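So the structure is just underneath, and the comments pick up after that.
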Amino acid sequence: MMAEYQDWNQGVIRYVTGGLALGRPAFLHVDEEVLIAIGATLSTPVAPQQAQGDFLDAVRREVCPRGVVDLMRVRGSTSAGEPLCVGFLAATVLAATWMGEDEAVSEANYFVRLHEVLGLQPAWGRPTGYHRGVEEPLWQQWNRWLQLSGWLPTAFPGEGAYRYIQYPISQALLRRADVERLRRLFQARRPRSEWDPQSLASALLHEPTGLSSHLRMLLSRDGERWEAACEAIYEIYVSDTSGRDEPGPQLGRALRAELLRFQESWGERAVRYHYYPRAIRAVESAEGICVVMEGEEKPLRRERPGWFEPVGTVLPADLARGVEFEIRGALSVPTMRLPARSFWILVRDPDDPESSLHASWGPPQVGDSFILLIRESLLPQLERLASEDLLEWAGEPVNIGSGWLELRRCVVLAEAWGAVFVEEQGLIDALAPRTSVGLRISGGVRVPDHSGWLDGYAPDVAVSGFGETAALRLIAVETEETLFEDVLPLGSVHRLPWPGPGTYRIEAYAGSGRARRMVKIHPWDVLRAAVPADVECTRLPDALVKGALVLPVSGDERL
Amino acid sequence: MERWYAGFSVYGRPSAVLEQISTVVRRHNLLHWVPRVCWEKKPGSKFYLFIAIDSETKGVPPEEISPLLELPLLRTRIGPPGLPIRFNAFDRSELQGFVTSDVGVHNFAPALRRAMLHERRQQDPFAEPPAHEAPVGDESDARWERLLFWISASGQGSVDGLRSAGLAMGLDPAGAQTGRLLRRLRLLGHVELAASGRRWSVTPAALAALGDQPGEWVLCGARDARLLERLSEISVPRQRFQSGLAPPAVIFSGGSDLPDRLLAHAPELSWAGPAALRLAEALPTLDEWASTLPALEGIHAPMFEVRRFDGTTFQPAVFTGESGFYELWPEGAEESGAVAPRYTLYYDASRRAWLRGEWYGLRFLADSEARAQPFAYEPAKHRAAFSGDRRPPEIFERALVLSSGCLPRASNGWLVYDGISPRVAEVLLERLSSA
């Protein structure tokens with residue numbers, strides 16, 4: 001039985017945004033692997049070998065049942081408020097991924113593929129009924145929905161003749177030819193099974209042959225696309241190494257654990273590391289999923305969009321060899337894995353940068369300090385980078401045991417790293433800035449679910465970067481009205497004129513660099529009393545006290 | 001790859017020219033192909049500039065550096081005219097004597113300008129907060145109410161996070177009164193604190209009967225606007241303000257059937273009954289309470305500068321193993337400019353242990369006079385009074401606060417608690433007095 005268009009539409013939305021941390025850029029990247037993963041999650045799951053065909057059939061039935069494109073049925077929203085057009089837009093992106101490596105980016109070449117995707121007779125130019133610009137309102141609807149939901153849009157029009165085709169092309173992170181090339185490379189080189197997206201991307205970038213210029217460019221530039229490209233390549237890698245002998249999604253065969261660092265802030269100031277699992281894409285709920293540690297099942301609880309709560313304690317000795325744990329309750333991910341790395345970049349909490357909490361949430365923002373956790377053997381290379389005035393840290397390295405050091409309050413000082421060579425090139429790839437400007441949102445009073453700030457207590461905006469000034473803009477997403485625009489000195493903190501509840505986008509430009517953040521301001525009446533997961537109480541000999549409630553205890557509960 | 005030099009005739013100052021070139025090289029990440037430049041010695045307003053280029057073929061610039069070559073200032077090149085762009089490729093040796101030393105393009109990269117982050121400096125959760133209790137001006141009641149809504153919606157969190165919220169809401173402008181802020185919320189029955197002192201959780205919404213006022217009940221614990229609206233459908237409460245020091249007390253008044261009606265209308269509400277008396281009767285003696293305090297391991301007094309509480313202040317002292325309330329400062333505190341002790345602890349000689357607990361509780365424990373005569377009580381007015389600097393441990397004081405649903409009033413150096421029934425006073429006196 002074939003899945004309906006609405007099912008695929010919802011599945012694509014869930015895949016693109018599921019597990020994506022709020023404020024992160026969302027790419028509508030769709031290819032055969034992605035469709036296989038989505039197909040497995042539909043209400044009527046689709047077998048892997050049928051996923052792409054089923055998707056295309058569903059789209060064709062919806063938008064061109066009689067050979068002429070008619071987008072009426074994909075305008076508007078579902079009952080849940082989600083855009084109806086996402087399935088169709090995903091199909092247009094699929095067409096872009098089908099463009100050959102040697103095909104020039106042009107309307108002519110793109111529309112040949114689009115005819116193919118829509119199952120229409122081959123022809124040059126736009127498909128019949130697909131008038132010039134008719135798709136733009138759909139992309140704008142998708143972008144607006146993403147922002148109102150808390151994510152950054154990434155689909156934008158191009159210039160001149162590329163205006164409309166730029167939308168789908170900007171979303172196609174990997175072309176089909178790229179995927180085939182990567183598969184051949186993985187089969188020939190057999191990369192290490194415990195790699196993560198960033199280390200895999202770094203290794204690929206320094207692969208002497210085998211990468212197309214498109215892939216090489218993708219991996220060496222542009223912060224927003226780089227992270228998404230690393231993830232897309234990683235999905236190819238895990239599907240390739242996982243094998244295809246089992247039904248269900250082949251993606252994410254291991255739940256990836258990052259590292260969260262907690263330091264006591266007074267007294268002995270002990271440092272502890274915890275496993276910090278990333279949310280699983282294409283899996284809707286964490287209900288019933290647990291990780292087995294030392295024979296005990298520890299439930300995974302959602303901490304914030306994109307992440308589970310930290311679990312267990314990581315010993316320094318575990319960092320070098322990587323660790324794997326059994327997962328129960330999630331068929332598609334049998335294990336949780338902390339990869340073996342030679343260094344970890346631990347940045348401040350993007351939701352609360354003033355706290356002392358650090359984790360491997362992502363690359364450091366321009367101007368922000370971070371902690372580098374390194375194997376002792378890497379110290380000379382870091383010192384070399386410091387001697388080139390590319391990087392600095394405060395104080396002496398701190399030995400945390402088992403041959404690991406912490407370099408605290410690290411700051412990247414320079415933008416141009418191309419002239420330095422160290423043995424661990426992954427360090428350069430991970431540390432070199434990918435943009436010239438950084439935005440930090442801090443202060444204010446946040447809504448407890450990390451979805452934004454409360455009216456009257458909006459955050460401050462700090463702009464850092466390489467240069468003198470940055471253009472800063474505050475835009476209301478609902479209307480795309482620019483509420484504030486000014487050229488401000490870099491290295492400054494600003495209180496913007498927030499008009500009240502709503503969704504806003506902040507943009508900073510310095511040179512060719514750009515940084516963007518989403519800020520949502522909520523009215524106070526969104527707050528609802530919550531039941532704490534860990535209820536504290538005052539223990540007395542014969543009672544437990546919770547505020548005004550005095551609860552007698554039984555014999556075996558007595559102090 | 002071969003390195004060769006492309007020559008240009010340019011106008012301007014070398015430093016300005018180099019800065020433009022550096023900007024483009026950085027922007028387009030061209031350092032891999034364009035590492036250095038040099039220019040003729042003694043340049044005039046027009047001079048020759050030579051850019052080192054690494055490429056496959058001498059004289060043929062790689063396509064990647066086209067953004068650089070399109071710079072207007074580089075329009076006059078030394079090489080054959082027309083397209084594609086070609087150069088007369090120079091070796092470095094050919095330029096020797098004519099040009100300056102090479103300069104790395106990255107040397108002209110602009111410096112980082114960063115907005116400093118003021119990381120929250122966390123405090124010992126048991127340290128004494130500043131002495132003053134001054135409210136923070138107008139609208140503080142509204143801000144307290146919002147804080148309680150935020151606490152209720154959060155459910156639980158770190159003390160550090162609460163400090164951040166208090167700071168942002170203007171309830172704790174210097175970020176230094178979190179301990180005091182938390183203590184008030186605990187006294188009022190809204191929040192409980194973990195034994196570590198680092199985490200808190202909101203308490204369940206509960207209705208508690210006031211001590212000596214039949215027909216009055218106070219709302220404690222978690223709440224949101226919706227709960228208050230629903231309860232108001234049954235009975236509109238009045239607010240009793242706390243002089244800007246805490247969220248206003250929400251008090252319902254009515255017949256004896258009112259609690260049942262409120263509880264039926266809001267299932268999430270619990271019945272706490274005569275909470276003050278129940279709590280007082282459940283309390284241990286002061287010594288029993290002290291025996292439950294956690295001991296902090298690894299403290300060696302000789303490693304610190306010791307100050308002992310003398311009933312009024314902390315004075316420098318030699319630690320002799322005597323029970324008492326102590327501040328342990330880092331050695332050389334004065335010279336190093338330390339502004340706070342490393343630890344504030346009670347030493348229990350009988351257990352030979354350093355005990356950690358909330359500041360007022362430890363002070364009360366060490367204050368023999370307070371233990372002999374904990375408080376004064378006026379039976380006719382149902383009022384208890386503690387000397388202002390002799391507050392009991394929080395859990396004991398909570399029984400007093402829950403009697404009226406309000407924090408004590410400061411009056412002539414005393415803290416006055418209203419609504420204290422004779423029975424509550426009798427039990428507390430027994431619990432707090434020395435054995």
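The shown structure was predicted, so the numbers you read here are calculated from the model rather than taken from an experiment. Just so it is clear: chains get the letters A, B, ... in the order the sequence lines come, proteins before strands, and each one is counted from 1.
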Subject >> Side chain, backbone, both or neither of B:A282 within contact of chain A (heavy atoms, under 4.5 Å) >> reply: both

Original post:
Which answer fits A:R348, side chain, backbone, both or neither, if we ask what part of it has an atom under 4.5 Å from a heavy atom of chain B?
Top reply: side chain

**OP:** Name the region of A:L551, side chain, backbone, both or neither, that has any atom closer than 4.5 Å to a heavy atom of chain B.
**Re:** neither

Subject >> Contact class of B:W271 relative to chain A, heavy atoms under 4.5 angstrom >> reply: backbone

**OP:** Would you mind checking which part of B:L227 comes under 4.5 Å of any heavy atom in chain A, side chain (CB onward), backbone (N, CA, C, O), both or neither?
**Re:** neither

**OP:** Specify which of B:S270, B:A272, B:G157 makes the most heavy-atom pairs with chain A at under 4.5 Å.
**Re:** B:A272

Original post:
So what's closer than 4.5 Å to chain A heavy atoms on B:I395: side chain, backbone, both or neither?
Top reply: side chain

Subject >> Best-contacting candidate, B:P204, B:A208, B:A276, against chain A by heavy atom pairs under 4.5 angstrom >> reply: B:P204

Original post:
Given side chains that start at C-beta, do those of A:D349 and A:R304 come closer than 4.5 Å, heavy atoms only?
Top reply: yes

Original post:
Which of these passes salt bridge (charged side-chain N to carboxylate O under 4.0 Å, His left out) with B:R183: B:E394, B:E358, B:E192?
Top reply: B:E358

**OP:** Against chain B, label A:V411 side chain, backbone, both or neither, depending on which of its atoms sit under 4.5 Å from a heavy atom there.
**Re:** side chain

**OP:** Decide yes or no for B:R223 and B:F149: does some side-chain heavy atom of the first lie under 4.5 Å from some side-chain heavy atom of the second?
**Re:** yes

Original post:
Hey, is the main chain of A:A533 close enough, under 3.5 Å, to the side chain of B:Q156 for a donor-acceptor pair?
Top reply: yes

**OP:** Would you mind reporting whether B:D224 and A:L527 have side-chain heavy atoms less than 4.5 Å apart?
**Re:** no

Original post:
Of the backbone (N, CA, C, O) and the side chain (C-beta and beyond), which part of A:A432 lies under 4.5 Å from a heavy atom of chain B, both, or neither?
Top reply: neither

Subject >> Geometric class of the B:W200/B:W150 ring pair [parallel <30°, tilted 30-60°, perpendicular >60°] >> reply: tilted

Subject >> Which atoms of A:D389 approach chain B - backbone, side chain, both or neither, heavy atom under 4.5 Å >> reply: neither

Subject >> Per-residue contact mode, A:V445 against chain B (heavy atom under 4.5 angstrom) >> reply: both

**OP:** Can you spot which of A:V437, A:V463, A:D486 makes a side chain to side chain contact (heavy atoms under 4.5 Å, CB included) with A:L472?
**Re:** A:V463

Original post:
salt bridge (Lys or Arg N to Asp or Glu O under 4.0 Å) between A:D368 and A:R440: does it pass, once the steps are laid out?
Top reply: CA-CA 8 Å; A:D368 282 354; A:R440 186 177 65 233; 2.7 Å; yes

Subject >> Region of B:R398 that comes under 4.5 Å of a non-hydrogen atom in chain A >> reply: side chain

Original post:
What part of A:S436 is in contact with chain B, defined as an atom under 4.5 angstrom from a non-hydrogen atom: side chain, backbone, both or neither?
Top reply: neither

**OP:** Heavy atoms only, distances under 4.5 angstrom: which of A:G513, A:A543, A:A462, A:P353 has the most pairs with chain B? Name it, please.
**Re:** A:P353

Original post:
Quick one: does B:L231's side chain get under 4.5 Å of B:V250's, heavy atoms only?
Top reply: no

**OP:** I would like to know whether B:E268 and B:R230 meet salt bridge (Lys or Arg N to Asp or Glu O under 4.0 Å); could you show each step before the answer?
**Re:** CA-CA 11 Å; B:E268 67 267 45; B:R230 276 188 290 136; 2.3 Å; yes

